Amino acid sequence: MEKFTVLNGLVAPLDRANVDTDAIIPKQFLKSIHRTGFGAFCFDAWRHLDRGDIGVDPASRRENPDFELNKPRYRGSSILLARENFGCGSSREHAPWALGQYGIRVIIAPSFADIFFNNCFKSGLLPIVLSTTMVDRLFAQVEAEQGYRLKVDLEHKVLETPSGECIAFDIDAFRRHRLLNGIDDIGHTLLDADMIQAFERRHLAAMPWLSKRLAEAGA
Amino acid sequence: MGKTLYDKVWDAHVVKHGEDADCLIYIDRHIMHEVTSPQAFEGLQLAGRKIWRASSVLATPDHNVPTVNRAQGMTDGIAALQVSTLVDNCRSNEIPFIGLDDARQGIVHVVGPEQGATLPGMTIVCGDSHTSTHGAFGALAFGIGTSDVEHVLATQCMVMKKSRNMLVRVEGTLAAGVTAKDLVLYVIGVIGTAGGTGHTIEFAGSAIRALSMEGRMTVCNMAIEAGARAGMIAVDDTTLEYLKDRPCAPVGADWDRAVEVWKGLYSDPDAVFERVVDIDASLIEPQVSWGTSPEMVLPVGGHIPDPAAESDPVRREAMTRALAYMDLAPLTPITAIAIDKVFIGSCTNARIEDLRAAARVVEGRRVASSVTLAMVVPGSGLVKAQAEREGLDRIFVAAGFEWREPGCSMCLGMNDDRLSPGERCAATSNRNFEGRQGSGGRTHLVSPQMAAAAAVSGRFVDARSFA
Ligand code: SF4
């Protein structure tokens with residue numbers, strides 16, 4: 001997983017509450033056997049005027065010019081400013097995959113749906129919870145200033161606005177450590193690889209029948 | 001203090017106690033199919049990670065495979081891609097694989113035990129919730145999601161919290177013609193679909209000990225429908241007899257050593273269960289589900305309940321919705337419900353004993369003319385071959401049933417085997433959720449005997465009247 005230390009990124013506003021996972025990545029894309037390639041379909045129904053599906057060439061699609069993320073001033077954003085209960089709905093991990101592959105690394109909102117919040121960390125995304133008042137202020141600033149950027153400093157748990165104002169945020173120490181070092185769930189378990197190996201050696205030696213391999217066809 | 005069966009298997013697999021009661025649990029066996037695995041392999045590849053122990057895996061396609069015309073290959077492009085991706089992933093990682101053209105192919109939860117790849121005391125995972133089936137062997141077996149499939153492939157471990165212990169004790173004798181399926185549907189009717197949430201259920205008692213391994217698998221298969229991620233049954237002679245000489249079972253001195261270990265796989269008399277439910281087996285009659293949740297179940301002699309008589313508003317609302325979806329009127333006798341299709345199959349009831357029991361009912365009879373499709377989908381190629389040796393296929397075909405190739409089929413309708421909107425089906429599978437067998441389809445869960453009896457009668461009848 002990519003390490004997350006400091007990000008200086010363009011901010012895009014998504015001024016709607018209860019953005020659900022089906023809006024983030026519509027269900028027709030779940031048939032894919034891949035875990036990459038979802039960036040082109042992130043917010044698919046909102047970003048486009050026609051219906052997308054697996055196999056439809058993204059270049060042939062008609063964009064919706066009114067959707068926030070399609071506006072020239074927000075193109076290339078890596079920070080999404082959102083409203084309450086972001087990511088509600090199903091448990092699909094495709095939602096953070098799609099956001100990450102679209103280019104988003106940080107989502108700021110007054111609240112997130114639980115499962116989505118947890119899934120973000122598995123994909124190296126940083127969800128930040130700020131008070132509703134603070135989020136309102138940020139929406140106003142983004143609206144007022146072209147090219148509005150935020151500096152997200154995970155090490156010091158602080159956001160810096162273009163005017164130099166610092167906004168502190170909270171994050172679980174364990175999760176912060178893992179993002180800073182780029183350690184995902186598997187990476188974290190593999191820190192104990194020696195222990196697993198030692199356990200396995202003992203376990204399989206005591207019960208060798210556990211490691212019998214299925215024979216090939218016709219064998 | 002004594003230990004439960006679950007405690008014993010859990011304790012034997014703890015690699016590390018972590019923070020927050022999270023434990024690192026070693027996984028002995030990983031069973032795999034085509035639908036929940038492709039992204040796990042891609043994840044490993046993207047991260048440049050290796051598979052920890054390929055020989056622990058057993059893979060076979062089952063969820064979306066066709067059950068007819070296999071010779072012409074798979075016509076559904078997306079399904080074909082999932083299967084070929086599984087083939088490629090297994091080949092390139094040296095994972096033991098049973099292909100679509102292999103006589104052993106079938107539903108993962110039928111194939112594992114059949115190959116002896118499911119052994120007592122093992123921890124077993126699979127990206128499918130009915131992995132609980134394997135608990136019938138005194139194993140700790142549960143379903144996992146795709147990111148955990150990747151995690152187990154890479155680390156041979158799961159990070160998880162221990163669940164609570166629950167005992168479902170079924171004492172007494174099942175009446176003739178009453179099956180393991182009726183028993184488990186009855187239990188779910190009593191404890192509800194959330195009755196086992198947060199628990200591992202051990203099924204015990206004289207009625208459970210009297211069941212064959214096939215019957216025990218049917219019971220543990222549906223533990224998940226009672227909300228429990230895992231169901232377990234202690235090891236006894238029935239378990240050992242089933243396993244002896246299976247391809248992956250130990251032989252010679254290893255077998256003797258294994259048996260010594262396995263014989264300890266029961267709950268100690270002084271073990272403590274957080275919850276105990278006692279069931280009297282003699283009260284159980286053949287069951288038929290009437291709603292859209294497996295707990296909505298009645299004896300075949302019963303009548304559809306009247307929501308107006310339900311005092312709890314939440315339950316009343318659920319009943320009303322279920323009856324509307326199922327298009328059933330309150331107080332209708334179960335035996336007045338006519339069916340359109342019959343599905344005998346799935347990891348719940350597609351083993352040889354199930355097919356024998358259904359064939360006994362069907363023999364010398366015809367599928368009712370009002371039934372548009374009656375199909376038998378054996379759980380595996382080996383079950384199919386065995387049934388054909390016994391002439392069961394001829395009995396089914398002579399009666400007007402279709403005799404298909406093994407797979408999940410109409411249990412979840414990922415392939416072409418589906419209900420059309422409004423169609424009503426007597427099914428031996430495990431889920432009667434809205435749209436499970438096809439959008440708008442109506443599912444009634446029953447035993448193989450009851451499904452066979454419904455096929456020849458065109459409506460539900462007590463299969464015992466065919467004995
Ligand atoms: S038969 Fe049905 S329940 Fe069983 S593994 Fe297949 S889809 Fe799942």
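Keep in mind it's a predicted model, so treat the numbers as computed, not measured. In what follows, chains are A, B, ... by sequence order, proteins preceding strands, each numbered from 1.
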*Does any heavy atom of chain A fall under 4.5 Å from the side chain of B/A12, the backbone, both, or neither of them?*
backbone
*Got a sec: does the CD of A/E155 have more than 12 other heavy atoms crowding it under 6.0 Å?*
yes
*Give, as side chain, backbone, both or neither, the part of B/I25 having an atom under 4.5 angstrom from any heavy atom of chain A.*
neither
*Side chain / backbone / both / neither for B/C157 at chain A, heavy atoms under 4.5 Å*: side chain
*Quick one: of B/I78, B/D28, B/V57, B/L81, who has the most non-hydrogen atom pairs under 4.5 Å with chain A?*
B/D28
_Can you tell me which of B/S56, B/S147, B/A47, B/A117 forms the most heavy-atom pairs within a distance under 4.5 Å of chain A?_
B/S147
*asked:* Please determine whether the number of non-hydrogen atoms from other residues, nucleotides or ligands lying under 6.0 Å from atom CG of A/D114 exceeds 12.
replied: no
_If you count heavy atoms of other groups shown closer than 6.0 angstrom to NZ of A/K3, is the number above 12?_
no
*Parallel, tilted or perpendicular for B/Y26 and A/H203, by the 30°/60° rule?*
perpendicular
*asked:* Main chain of B/Q156, side chain of A/E200: is a donor-acceptor contact present, judged purely on distance under 3.5 Å?
replied: no
*asked:* Is there a side-chain contact between A/K212 and B/L119 in this structure, where contact means two heavy atoms from C-beta onward sitting under 4.5 Å apart?
replied: no
*asked:* Within the 4.5 Å heavy-atom criterion, are A/P208 and B/R257 side-chain neighbours or not?
replied: yes
*In terms of side-chain geometry, is the basic nitrogen of B/E150 or A/R35 positioned less than 4.0 Å from the acidic oxygen of its partner?*
yes
*Atom group of B/W52 that falls short of 4.5 Å from chain A, counting heavy atoms*: side chain
_Non-hydrogen side-chain atoms of A/E93 and B/T146 separated by less than 4.5 Å_ = no
*Count the heavy atoms belonging to other residues, nucleotides or ligands that lie under 6.0 Å from CD of B/Q45, then report whether that count exceeds 12.*
no
*Under 4.5 Å from any heavy atom of chain B - which part of A/A206*: backbone
*Which heavy atom of B/A258 sits nearest a heavy atom of A/W209, and at what distance?*
CA-CH2, 3.4 Å
*Who among B/R29, B/Q82, B/K16, B/M122 has the most heavy-atom pairs with chain A under 4.5 Å?*
B/K16
*Out of B/V14, B/D101, B/V15, which one racks up the most heavy-atom pairs below 4.5 Å with chain A?*
B/V15
*What is the distance from atom CD1 of A/I196 to atom CD1 of B/I27, rounded to the nearest 0.5 Å?*
11.0 Å
_Which one wins on heavy-atom pair count under 4.5 Å against chain B: A/T189, A/L204, A/D192, A/I186?_
A/I186
*Locate the shortest heavy-atom distance separating A/F38 from B/Q39; write the atom from each residue and the value.*
CZ-NE2, 4.2 Å
*asked:* Before you tell me yes or no, could you show the steps for B/R104 and A/L214 under side chain to side chain contact (heavy atoms under 4.5 Å, CB included), namely the whole-Å CA-CA distance, both residues' side-chain angles and the distance that decides it to 0.1 Å?
replied: CA-CA 11 Å; B/R104 303 169 294 178; A/L214 181 84; 4.1 Å; yes
*Near B/E94 CD, under 6.0 Å, is it more than 12 heavy atoms from other residues, nucleotides or ligands?*
no
*Side-chain donor-acceptor pair under 3.5 Å between A/T36 and B/E42, yes or no?*
yes
*asked:* Other residues, nucleotides and ligands only: do more than 12 of their heavy atoms fall within 6.0 Å of NZ on A/K151?
replied: no
*Measure across A/S211 and B/S55 and return the closest heavy-atom pair with its distance rounded to 0.1 Å.*
O-OG, 4.4 Å
*Return yes when atom NZ of B/K244 has more than 12 non-hydrogen atoms of other residues, nucleotides or ligands closer than 6.0 Å, and no otherwise.*
yes
*asked:* Please determine whether the number of non-hydrogen atoms from other residues, nucleotides or ligands lying under 6.0 Å from atom CG of B/D256 exceeds 12.
replied: yes
*Based on non-hydrogen pairs under 4.5 Å, which of B/S37, B/A103, B/G116, B/G43 is most in contact with chain A?*
B/G43
*Non-hydrogen atoms of chain B under 4.5 Å away: do they reach the side chain of A/H34, the backbone, both or neither?*
both
*Under 4.5 Å from a heavy atom of chain B, the part of A/D185 involved*: both
*Non-hydrogen atoms of chain B under 4.5 Å away: do they reach the side chain of A/D184, the backbone, both or neither?*
side chain
*Do you know the tightest heavy-atom contact between A/L210 and B/R53?*
O-NH1, 4.0 Å
